Amino acid sequence: MINQAITQVANGNHLSEKEMTAVMEMFLSGMAAPAQIGAFITALRMKGETVEEITGAAKAMQAKTRKIEIDESLINIDRDEINIEEEPILDTHGNGANGTQTFNISTATALVVAGAGLKVAKYGNWATSRQCGSADVLISLGVNLDINFANVEKCIQDIGIGFLYAPLFHGAMKAVAAPRQQVGLRSIFNLLGPLVNPAGATAQVLGIYDASHTEKMAQVLQKLGVRQAFVVCGEETFDEISICGITRVSQLKDDAIKTFEMTPEAHGFKRAAPEAIKGGDAQANAEIIRNVLDGEKGPKRDVVLLNAAAAFVAAGLDDNFKEGIERATGSIDSGRAKSKLDALID
């Protein structure tokens with residue numbers, strides 16, 4: 001079956017959602033040779049992944065993902081999403097892009113969003129294509145990631161923010177880790193990570209590495225049950241809303257998808273050079289995040305405000321970016337965002 005799927009994809013033919021689910025289940029169950037996995041994901045990348053293929057693969061991964069249970073009357077949500085019925089859960093996770101050397105914007109954004117009262121499930125991993133992954137910077141900030149599943153749930157429930165370390169929830173991914181690394185190309189797995197947050201969500205801000213994929217990924221989120229989402233790809237930042245140039249945005253709302261471009265100037269921010277939001281190693285990025293949470297002004301703060309605003313709009317807390325930026329500003333300047341980091345460390 002796997003060889004048939006490789007041949008079909010290599011010949012430029014698409015798989016159905018059901019076929020893709022079956023292939024991915026075999027990969028995650030250790031039933032495929034590393035060479036088969038490498039050949040398949042390379043052929044799929046060359047052909048281009050369809051909405052049905054990404055959706056099928058995401059469903060297979062979701063079925064093997066250990067779930068976080070939140071003891072509240074919430075509609076279950078999916079990843080960077082928030083379903084604001086009572087109190088939403090938000091995961092601000094991007095899937096990365098080679099060459100992006102910004103500081104950990106999504107980690108800082110998660111703390112600002114939590115400071116405004118949303119429950120945040122920050123999902124991430126060690127550094128791969130970046131200098132410093134979210135796990136690396138959280139450790140440098142003083143957060144202990146060597147905790148069990150129940151304590152991750154407790155962090156989210158009691159503090160309002162918790163870090164979901166990918167290997168703890170996706171043990172099945174071990175079967176594909178080596179082939180991915182050996183192939184060395186971005187693949188469907190880069191697209192899947194943000195879709196399978198163990199906390200779930202029905203509202204989301206999803207960053208991706210390719211502007212041509214924003215509408216496609218919005219369609220995938222829709223098929224996975226997400227109700228409100230922004231899928232974004234920004235100049236110089238890729239998987240965040242950019243302070244450095246134009247960001248392509250596909251917005252999912254009320255079963256409709258619209259795609260548009262936005263600029264920092266449209267929301268009252270001065271456009272910044274990429275160097276102004278550049279990061280470094282884990283220690284350097286931790287210091288940047290602390291400075292942002294302490295209220296330091298400048299492009300690093302501005303890009304966090306923009307991305308947090310998108311989360312508030314997606315959650316339904318605010319109707320527009322202006323209101324969202326004001327809410328994010330209050331989260332930082334009141335000290336509430338920093339207090340969330342302190343509580344998580346404690």
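Along the sequence shown, residues carry numbers from 1. These numbers were taken from a predicted model, which means no experiment stands behind them.
L145 contributes atom CG, which lies 4.5 Å from atom CD1 of I139 (distance to the nearest 0.5 angstrom). Separation of atoms CG (N151) and CG (N144) is listed at 9.0 Å; rounding is to 0.5 Å. Taking CE of M46 as the start and CD1 of I41 as the end, the distance is 13.0 Å to the nearest 0.5 Å. Note: S106 OG to D239 CG = 7.0 Å, rounded to the nearest 0.5 Å. Atoms CD1 and NZ, on I332 and K297 in that order, are 10.0 Å from each other to the nearest 0.5 Å. Taken to the nearest 0.5 Å, the SG atom of C244 stands 3.5 Å off from the CD1 atom of I277.
Atom CG of D346 has more than 12 neighbouring heavy atoms from other residues, nucleotides or ligands inside a 6.0 Å radius. Annotation for E17: atom CD counts as buried by contact number, over 12 foreign heavy atoms lying within 6.0 Å. More than 12 heavy atoms of other residues, nucleotides or ligands shown are found within 6.0 angstrom of CD on E265.
Here the side chains of M26 and I2 are in contact, with some heavy-atom distance below 4.5 Å. Within the 4.5 Å cutoff, the side chain of V9 has no heavy atoms near those of the H14 side chain. Contact check for T107 versus I289: side-chain heavy atoms found under the 4.5 Å cut-off. With contacts defined as side-chain heavy-atom distances shorter than 4.5 Å, the pair L111/R336 does not qualify. Between M24 and L192 the shortest side-chain heavy-atom distance falls below 4.5 Å.
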R327 vs E323, test: salt bridge (Lys or Arg N to Asp or Glu O under 4.0 Å). Steps then yes/no.
CA-CA 6 Å; R327 188 182 298 272; E323 293 176 359; over 6 Å; no
Given the rule in the side-chain hydrogen bond (donor to acceptor under 3.5 Å, both in side chains) test, do R248 and T214 qualify, once you have shown the distances and angles that lead to the verdict?
CA-CA 7 Å; R248 180 180 171 89; T214 60; 3.0 Å; yes
Side chain to side chain contact (heavy atoms under 4.5 Å, CB included) between V220 and V226: does it pass, once the steps are laid out?
CA-CA 9 Å; V220 172; V226 175; over 6 Å; no
Report the C-alpha distance between K340 and L344 in whole Å, list the side-chain angles of each, state the deciding distance to 0.1 Å, and finish with yes or no for side chain to side chain contact (heavy atoms under 4.5 Å, CB included).
CA-CA 6 Å; K340 290 296 180 181; L344 184 60; over 6 Å; no
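A salt bridge (Lys or Arg N to Asp or Glu O under 4.0 Å) with E53 is found for exactly one of K47, K223, K18, K216, namely K47.
Between F321 and F269, the distance separating the two ring centers is not shorter than 6.0 angstrom.
Comment: E296 does not engage R301 in a salt bridge, judged by the lack of any side-chain N to carboxylate O separation of less than 4.0 angstrom.
One side chain, T259 or E215, offers a donor N or O that lies under 3.5 Å from an acceptor on the other.
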